[in-house]
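Beneath this line is the structure, given in structure tokens, with notes to follow.
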Amino acid sequence: MSRVVGFIDLDAYYCACEVKQKPSLLAGKPLAVCMYETWKKSPDRSADMDRIVKSGGAGLIAVSYEARAMGVKRQMSANEARKACPELITVMVPTKNGKADLSLYKENGEKVVEILQEFAGIVEKRSVDEVALDVTDAAQKLLETTPKELVARQAVNVSHFADSEISLKASKISHEAARRGHEGQHEYTKNDDDEKNHLLKYSSFDYLLLAGAVVINNARKAVRERLGFSCSAGIAANKMIAKVGCGLHKPNQQTIVFPRSVAVLLKDLPLNRLPGLGGDLGNRISSQLNITTAGGLANISRSILLNAGFQDADNLLAAANGTLDEPVKNRANYKSFGSSKTFYKHPITNLTIADQWLSNFAQEIFDRIKNDRNQRNRAPTNVTISITTDKSHVTRTEKVHIGWSDSPQPIVRSAHRLLRRWAGTRTAHLDIVVLGLGVSNFIDLPANKASVMDLLTRNPLHQSKKPSSSAEIMQPSKKKRTIAELLYQQATTSTKKTTTVGKKDSSFFPSSNIDPEVFAQLPPEIKAELLDDRTRLLRQSAPSLGNSHLEQRQVKKKKKTATTTIDSFFAPRRPR
DNA sequence: TACGGTCACACT
DNA sequence: TAGTGTGAC
């Protein structure tokens, strides 16, 4: 069953966030946001401070359309950019605790998603500035209440069409040129081509797309009016084509791709503008099969693709034909949070410094967790550190119990433990060039903080088996402790006796105040987690056998055996 | 001499 | 599962 998908991309988003901070200074100006100088120690600058820098600054991470028009490119450094465009205003990214602080952009991005959720049943947050919406239902409703001719007229008034001359011209230019800006990138003005299009006969699905375009336009208008952000959009029968359509006219414009226009749109579209083919895979396809466009790929037979070693031939062809139909995911928030920093010029050499940074990261991440937890009653269960040296890039993960804990300590301790797991016996010259920390694997929490603590905490005054009222359990005989604290105590006070893990539940917490009966009733995965924590903590007190030298791997250098399939966002998971 | 900091996901 | 690698913004 065909869907109506809108793909929304916020225009020069980081710049727009900065304009929102200081409109009188920045609105309408050629503007770029640059990185802080990662190698220098300088005072933090919070989001609300004046962060305009007249010299210095690292690479650009966002460029306003005004600046793009004057030749400023994203891969420039701030100094290069000012040279190319003397009137350019460069704003440095906010910093906190000695690293970039992207919360200004993240928080605004979440507000955008909240607004968009009013307009679509299914909302997929794809990045800080991109959202895909399934607006099929909303479009249908609109058609039920409004004459279709009127809907079509409204849509035509605010939309481009993918098969207009100007759209097709935009489809032919390169990936990089599309970013630089082109003729199609100006505020919408009506053109005869689109009017002509309107005179064509619409199919019933065309009307649905037109209705979707009206919905998307309303959504964009709401974002602009309430938050001040302009955005561009594509409307099509699937996510991938909606994204391609979105790129045809920017900023602050939207483009409809009718099914009949898909082939002509893709015919001369550079191959690397197909999502997922912008990197190695696209390059390999291009060079091995001697093609440069999506249309060219569409003409290659499946067997030739397979013979050339592209196992994902079916999806590649579906992408090239515009029929790849990955549904819009119902996910409006992140699946993981992370924090990282490069130390290129001054690599981290010892555990103490690394510990400090990890603690910083943990605090930042924990702030996000608390916020997220209050809104969504969920918490992560995995902690991962990521370490890059000259020679290697590795990650190390372990389980963590956070729950409703009010302290970042569980994350800090995990991070420090993982660091040592990586470092092994080596204590000097760690040479860490990039250090990162992340949390993932969110689980839903019981809505009520008290209830979980009550469940897991034995209260000697109330041993009865009948379920206690919360009023009863809310009067603890002594201060309740978190699971982490209990486990920690357990581990550190326990003798080195060997325990058969997993054999008899009730013997596991002899000196803790977790009620064994309660523990026995816990879901198996929670049990396992607690037991894992415990054994790990016990193990921690034993001398660790450094094995980092065995774990080191050569940094991958442009292996041609990359197996990545076309953009995982768009490609259906292959059956296994 | 240096794409910064985060994301999601496929594969094994 | 934990870990590696790619791709994208």
Side-chain angles (χ1 to χ4, degrees), chain A residues 9-10 12-14 33-39 57-63 74-78 92-95 99-103 105-106 109 124-131 175 179 243 247 272-284 311-312 315 326 329 331 333-347 361 364-365 368 381-388 390 392-399 418 421-422 433-441 528 532 551 553-559 561-574 576:
Chain A
D9 188 328
L10 291 150
Y13 176 59
Y14 284 12
V33 178
C34 65
M35 272 306 278
Y36 71 111
E37 291 158 309
T38 58
W39 58 91
L60 304 188
I61 51 180
V63 181
R74 218 179 85 99
Q75 58 270 50
M76 292 174 170
S77 72
M92 194 176 275
V93 72
T95 48
K99 65 182 291 296
D101 174 17
L102 305 178
S103 55
Y105 315 123
K106 285 177 185 154
E124 178 181 334
K125 182 175 176 64
R126 287 175 47 82
S127 76
V128 71
D129 70 343
E130 277 187 7
V131 184
H175 198 20
R179 276 209 72 89
K243 179 173 170 66
N272 63 5
R273 283 178 68 180
L274 283 183
L277 298 185
D280 266 6
L281 180 60
N283 283 337
R284 271 161 39 224
Q311 295 153 318
D312 208 18
N315 284 330
E326 176 70 356
K329 292 181 178 59
R331 192 195 63 234
N333 40 56
Y334 292 107
K335 300 180 72 170
S336 67
F337 301 157
S339 177
S340 65
K341 171 173 163 65
T342 61
F343 299 88
Y344 183 79
K345 280 199 174 171
H346 308 290
F361 299 161
E364 179 189 327
I365 289 169
R368 287 183 71 186
T381 62
N382 276 4
V383 172
T384 302
I385 61 165
S386 148
I387 295 172
T388 306
D390 278 355
S392 67
H393 172 83
V394 297
T395 62
R396 290 289 178 271
T397 303
E398 71 173 34
K399 287 284 175 192
L418 289 166
R421 187 140 79 80
W422 168 79
V433 175
V434 185
L435 182 62
L437 180 65
V439 295
S440 59
N441 235 353
D532 276 358
E551 295 170 353
R553 297 171 133 243
Q554 284 300 101
V555 168
K556 190 180 154 216
K557 30 196 132 184
K558 297 282 179 192
K559 263 205 323 196
T561 54
T563 55
T564 314
T565 60
I566 185 158
D567 190 331
S568 45
F569 277 114
F570 293 109
R573 180 186 291 265
R574 255 189 307 178
R576 310 203 34 144

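Excluded from the calculations below are hydrogen atoms, water molecules and symmetry mates; all remaining heavy atoms, backbone and side chain alike, are included. Protein chains get the first letters and strands the later ones, always in sequence-line order, with residue 1 at the start of each.
Separating the NE2 atom of A/His393 from the P atom of C/dA2 is a distance of 16 Å, rounded to the nearest angstrom. Separating the CG atom of A/Asn441 from the P atom of C/dA2 is a distance of 8 Å, rounded to the nearest angstrom. Rounded to whole angstrom, the span from the CZ atom of A/Phe337 across to the P atom of B/dG5 amounts to 19 Å. Between A/Tyr36 atom OH and B/dA2 atom P the separation is 18 Å, expressed in whole Å. The separation between A/Glu37 atom CD and B/dC3 atom P is 15 Å, rounded to whole Å. Computed from coordinates, the A/Tyr344 OH to B/dC3 P distance equals 9 Å when rounded to whole Å. Atom-to-atom, CE of A/Met35 to P of B/dG5 comes out at 4 Å; the value is rounded to the nearest Å. Rounding to whole angstrom units, CD of residue A/Glu326 and P of C/dA8 are separated by 16 Å.
Note on A/Gln75: nothing from the nucleic acid sits closer than 4.0 angstrom, heavy atoms only. If you check every strand for non-hydrogen atoms under 4.0 Å, A/Gly338 touches sugar and phosphate atoms only. Residue-level contact check: A/Tyr13 touches neither bases nor backbone, having no heavy atom under 4.0 Å from any strand.
Nucleotides C/dT1 and B/dC9 are separated by 15 Å at their P atoms, to the nearest Å. Spacing of C1' atoms, B/dC3 relative to C/dG7, comes out at 14 Å, to the nearest Å.
Phosphate proximity of B/dA8 to A/Ser336: present, with a side-chain N or O under 4.0 Å from OP1 or OP2. In this model, the phosphate group of B/dT6 is not approached by any side-chain N or O of A/Ser127 to a distance below 4.0 Å at OP1 or OP2. Applying the 4.0 Å criterion to OP1 and OP2 of C/dG3, one finds that A/Thr384 has every side-chain N and O outside that range. Taking side-chain N and O atoms only, A/Arg421 has a distance below 4.0 Å to OP1 or OP2 of C/dG3. A close approach under 4.0 Å does not occur between any side-chain nitrogen or oxygen of A/Lys125 and OP1 or OP2 of B/dC7. Close to B/dT1, at under 4.0 Å from its OP1 or OP2, lies no side-chain N or O of A/Lys345. Listed pair A/Lys106 / B/dC7 meets the phosphate criterion, a side-chain N or O lying under 4.0 Å from OP1 or OP2. Between C/dG7 and A/Arg284, no contact under 4.0 Å exists linking OP1 or OP2 to a side-chain N or O. Close to C/dA2, at under 4.0 Å from its OP1 or OP2, lies no side-chain N or O of A/Thr395. Contact check, A/Lys335 against B/dT6: no side-chain N or O comes under 4.0 Å of OP1 or OP2.
A/Lys341 pairs by the salt bridge (charged side-chain N to carboxylate O under 4.0 Å, His left out) definition with nothing, not counting sequence neighbours. Among residues two or more places apart in sequence or in another chain, the side-chain hydrogen bond (donor to acceptor under 3.5 Å, both in side chains) test is passed with A/Thr395 by none.
Across B/dA8, C/dC9, B/dA2, the shortest atom-to-atom separation from the side chain of A/Lys243 is found for C/dC9. Relative to the side chain of A/Ser340, the nucleotides B/dG4, B/dT6, C/dC9 differ in distance, and B/dT6 lies closest. Here C/dC9 is the nucleotide among C/dG3, B/dG5, C/dC9 with the atom lying nearest to any side-chain atom of A/Asp129. The nucleotide whose nearest atom lies closest to any side-chain atom of A/Lys329 is, among B/dC9, B/dG4, B/dA2, B/dC9. Closest to the side chain of A/Ala100, out of B/dA8, B/dT6, B/dG5, is B/dG5. Considering only the side chain of A/Glu130, C/dC9 comes nearest among B/dA2, C/dC9, C/dG3. The nucleotide whose nearest atom lies closest to any side-chain atom of A/Arg368 is, among B/dG4, B/dT6, B/dA2, B/dT6. Nearest to the side chain of A/Arg331, among B/dG4, C/dA2, B/dA8, sits B/dA8. For A/Leu281, taking side-chain heavy atoms from C-beta onward, the closest of the listed nucleotides C/dG7, C/dT4, B/dG5 is C/dG7. Comparing B/dC9, B/dT6, C/dT4 by their closest approach to the side chain of A/Val394 singles out C/dT4.
Atoms CD1 and CZ, on A/Ile385 and A/Arg421 in that order, are 8.0 Å from each other to the nearest 0.5 Å.
Counting only heavy atoms from C-beta outward, the side chains of A/Asn382 and A/Lys399 approach each other to under 4.5 Å. Between A/Leu435 and A/Phe343 the shortest side-chain heavy-atom distance falls below 4.5 Å.
The two residues A/Tyr36 and A/Ala100 have their closest heavy-atom pair at CE2-N, 3.4 Å. Nearest heavy atom pair, residue A/Leu60 against residue A/Cys34, reads CD2-CB, 3.9 Å.
Between A/Tyr105 and A/Tyr13, the angle of the ring planes goes over 60°, which puts this pair in the perpendicular group of the 30/60° scheme.
Mapping A/Asn333 and A/Lys341 onto DNA chain B by nearest heavy atom places A/Lys341 closer to the 5' end of the strand.
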